[in-house]
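In this text, all values refer to a predicted model and were calculated from it rather than measured experimentally.
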Amino acid sequence: MTNRRLGVCLVLSLIAAFTLTAAAQRSSNRPSATTDRFWPEWRGPLRTGVSASAQPPTAWSESKNVRWKVELPGRGASTPIVWGDRVYALTAVAADRAAGARAVHRFQVMAVDRKTGKVVWQHTAREEQPHEGVHQEFGTMASASALTDGEHLIASFESRGIYAYDMSGKPVWQKDLGDKRMRNEFGEGSTPALHEDKLFVVWDHQGESFIVALDKRTGKELWRRSRDEIDSWATPIVVETGGRAQVVTGAMRGVRAYDAATGDVVWETAGLTMNPIPSPVVADGLVILMSGFRGNSLKAIRYAEAKGNITGTSAIAWTLDRDTPYVPSPLVYDGVLYFLKSNNALLSALDAQTGKPYYQAQR
């Protein structure tokens, strides 16, 4: 995502183009047929960057394959999500644009009609002056994306609070977890993960870091675990094995999986590089994590086998120490893992199960 105004094309065909069509996308987290018709979170229904049923155009422009365009107020690097006949977006509107990040902001949640582009409802979740700035190139005050299960719409503005609405826009609950303190004021941007009745929030920063599970219906805190970590931006991913769900997180000091019900650490291993930003993906029994700032790190982990400290065990299927992304997240399509090198247009495609390259760092 780039640090642009959010007033760009929110276009039905353009949002569909965020997905790739897959004849058969194998995943232990396969969504229902209903869910797969939509884009309920920023990584999509499969949490891989792919939709199995979408049929997007392969090209678009200002005049081609655009059904409508509407300018939204403010700035936000969050990804719009789609459910039913609505597109949902988050934005932060500065009272004084010249003051930049130091201005008082209105942190807004918007619902847009998917067919017409008309704003259906719009709420200001909070209005206040942020305590820190953001990265000049990548950051905005609305960088975490909304997410939904079709009943609840969750909007995380992180230090400005987490807010839950019903699908008609009625506020249900809100939760304030305090202020994050990010190194060099790089800004915030980690989207929570929603699974069944729980919302999982990773709070890695320069203060006391933690992961917390909230009841999605009430916002009540169900469990919290401290994390010996500094800043990370990757969204956690939830996988299921043996009838239990695990919340997998990537960070600089450790890659860990927490039991979704209890918060206990199920398995862990050495961490990634500094500033982990790419979000993990799943691929037929593997969870794949990577980062690429001041080094390169990729770990593909067989989570069904993983117990305790998995360093040096067969639970780690394969690793890679080159050409991994700094900011962009990977995607998995038809058994192939795709990712960019650093923040450059250099693409690698590897067999997701073995790590064998089809090609690496190709422009």
### Query
Under the side-chain contact (heavy atoms from CB on, under 4.5 Å) criterion, do Val104 and Glu128 qualify, and how do the steps go?
CA-CA 5 Å; Val104 173; Glu128 68 178 32; 5.6 Å; no
#### Entry: Worked check of side-chain contact (heavy atoms from CB on, under 4.5 Å) between Trp203 and Glu208
CA-CA 8 Å; Trp203 203 264; Glu208 295 183 5; over 6 Å; no
### Task
Please step through side-chain contact (heavy atoms from CB on, under 4.5 Å) for the pair Gln108 and Val93, ending with a clear verdict.
CA-CA 8 Å; Gln108 296 189 335; Val93 184; 3.7 Å; yes
### Query
When you look at Val109 and Tyr165, which way does the side-chain contact (heavy atoms from CB on, under 4.5 Å) test go after all the steps?
CA-CA 10 Å; Val109 185; Tyr165 301 84; 3.9 Å; yes
### Arg160/Asp179 under salt bridge (charged side-chain N to carboxylate O under 4.0 Å, His left out): CA gap, chis, key distance, verdict
CA-CA 8 Å; Arg160 309 282 75 82; Asp179 285 348; 3.1 Å; yes
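Between the side chain of Thr273 and the backbone N or O of Ser297 there is no donor-acceptor pair closer than 3.5 Å. The closest donor-acceptor contact from the side chain of Ser51 to the backbone of Ser53 lies under 3.5 Å. Judged by distance alone, the side chain of Gln353 and the main-chain N or O of Ala283 form a donor-acceptor pair under 3.5 Å. For Trp233 (side chain) and Asp204 (main-chain N/O), no donor-acceptor pair under 3.5 Å exists by modelled atom type. In this structure, Thr319 contributes its side chain and Leu298 its backbone to no donor-acceptor pair below 3.5 Å. Side-chain atoms of Asn296 do not come within 3.5 Å of backbone N or O of Ser291 as any donor-acceptor pair. Under a 3.5 Å cut-off, the side chain of Arg225 and the backbone N or O of Gly263 do form a donor-acceptor pair. Distance alone, capped at 3.5 Å, is enough to place a donor-acceptor pair between the Trp173 side chain and the Lys216 backbone. Remark: the backbone N or O of Val281 is not paired with any side-chain donor or acceptor of Thr48 at under 3.5 angstrom. A donor-acceptor contact shorter than 3.5 Å is absent between the side chain of Glu158 and the backbone of Ala144.
A cation-pi geometry, defined here as NZ or CZ lying under 6.0 Å from the six-membered ring centre and within 45° of its normal, holds between Arg224 and Phe210.
Between Asp215 and Lys175, none of the side-chain N atoms (NZ, or NE/NH1/NH2) sits under 4.0 Å from a carboxylate O, so this pair counts as no salt bridge. For the pair Arg106 and Glu127, the salt-bridge criterion is not met [side-chain N within less than 4.0 Å of a carboxylate O]. Salt bridge Lys356/Asp351: absent, no basic N to carboxylate O contact under 4.0 Å. Classification of Lys299 and Asp321 as a salt-bridged pair fails, no side-chain N sitting under 4.0 Å from a carboxylate O. Using a 4.0 Å cut-off between charged nitrogen and carboxylate oxygen, Arg181 and Asp231 do not count as a salt-bridge pair. Glu41 and Arg43 are not joined by a salt bridge, as no carboxylate oxygen comes within less than 4.0 angstrom of a charged side-chain nitrogen. Using a cutoff of 4.0 Å between basic side-chain nitrogens and carboxylate oxygens, Asp85 and Lys115 are not scored as salt-bridged. A salt bridge links Glu229 with Arg256: at least one charged nitrogen is closer than 4.0 Å to a carboxylate oxygen. Between Arg253 and Asp228 a salt bridge is recorded (basic side-chain N to carboxylate O distance below 4.0 Å).
Looking only at atom types and distance, the side chain of Gln246 has a donor-acceptor partner in the side chain of Trp267 under 3.5 Å away. Remark: the Ser78 side chain and the Ser143 side chain contain no N/O donor-acceptor pair separated by less than 3.5 Å. Between the side chains of Arg227 and Tyr258, a donor-acceptor pair is found at a separation under 3.5 Å.
Residues Val82 and Leu147 do not share a hydrophobic cluster, defined by chaining ILVMFWY side chains whose heavy atoms lie under 4.5 Å apart. Residues Met167 and Leu90 share a single hydrophobic cluster, defined by chaining ILVMFWY side chains whose heavy atoms lie under 4.5 Å apart. Leu222 and Val265 fall within a single hydrophobic cluster, where Ile, Leu, Val, Met, Phe, Trp and Tyr are joined by side-chain heavy atoms under 4.5 Å apart, directly or via other members. Tracing side-chain contacts under 4.5 Å through hydrophobic residues (I, L, V, M, F, W, Y), one never reaches Val248 starting from Val201; they form parts of separate clusters. A chain of hydrophobic side-chain contacts below 4.5 Å, direct or via other Ile, Leu, Val, Met, Phe, Trp or Tyr residues, connects Tyr163 to Ile81.
Tyr338 and Tyr333 have tilted rings, their planes meeting at an angle from 30° to 60° on a 0 to 90° scale. The aromatic rings of His123 and Trp121 sit tilted relative to each other, their planes meeting at an angle between 30° and 60°.
Between Pro278 and Phe339, the closest side-chain pair of non-hydrogen atoms is not below 4.5 Å. Considering only heavy atoms from C-beta on, Thr262 stays 4.5 Å or farther from Trp223 through its side chain. With contacts defined as side-chain heavy-atom distances shorter than 4.5 Å, the pair Val70/Met110 does not qualify. Side chains of Ile288 and Leu337 form a contact here, defined as non-hydrogen atoms less than 4.5 Å apart. Leu272 has its side chain within reach of Val255: a pair of non-hydrogen atoms, C-beta onward, lies under 4.5 Å apart. Considering only heavy atoms from C-beta on, Leu153 stays 4.5 Å or farther from Asp166 through its side chain. Counting heavy atoms from C-beta on, the side chains of Leu286 and Arg302 come closer than 4.5 Å. Within the 4.5 Å cutoff, no side-chain heavy atoms of Asp323 are placed close to those of Leu346.
Closest approach of Pro280 to Leu289, counting heavy atoms only: CB-CG, 3.8 Å. Closest heavy-atom contact between Phe107 and Pro130: CZ-CG, 4.2 Å. Closest approach of Trp68 and Val112 over heavy atoms only: CH2-CG1, 3.9 Å. Heavy-atom minimum distance, Gln122 versus Pro73: NE2-CG, 4.1 Å. When all heavy atoms of Pro325 and Met290 are compared, the pair lying nearest together is CD-SD, 3.4 Å. The two residues Gly76 and Thr91 come nearest to each other via the heavy atoms N-OG1, 4.3 Å.
By the 6.0 Å contact criterion, CZ on Arg244 is open, its count of non-hydrogen atoms from other residues, nucleotides or ligands being 12 or less. Heavy atoms from other residues, nucleotides or ligands lying under 6.0 Å from NZ of Lys198 number more than 12.
To the nearest 0.5 Å, the span separating CG on Asp149 from CD1 on Ile154 amounts to 7.5 Å. Rounding to the nearest 0.5 Å places CD of Gln360 at 11.0 Å from CG of Leu347. The OG atom of Ser279 lies 4.5 Å from the CH2 atom of Trp42; values are rounded to the nearest 0.5 Å.
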Donor-acceptor pairs under 3.5 Å, side chain of residues 185-196 to any protein atom, not counting sequence neighbours: which ones?
from	atom 1	to	atom 2	distance (Å)
Glu185	OE1	Arg102	NH2	3.1
Glu185	OE1	Gly133	N	2.6
Glu185	OE2	Arg102	NH2	3.2
Glu188	OE1	Ser159	N	3.1
Glu188	OE1	Ser159	OG	3.4
Glu188	OE2	Ser159	OG	2.6
Ser190	OG	Ala234	O	3.3
Thr191	OG1	Ser145	N	2.8
His195	NE2	Glu240	OE2	3.0

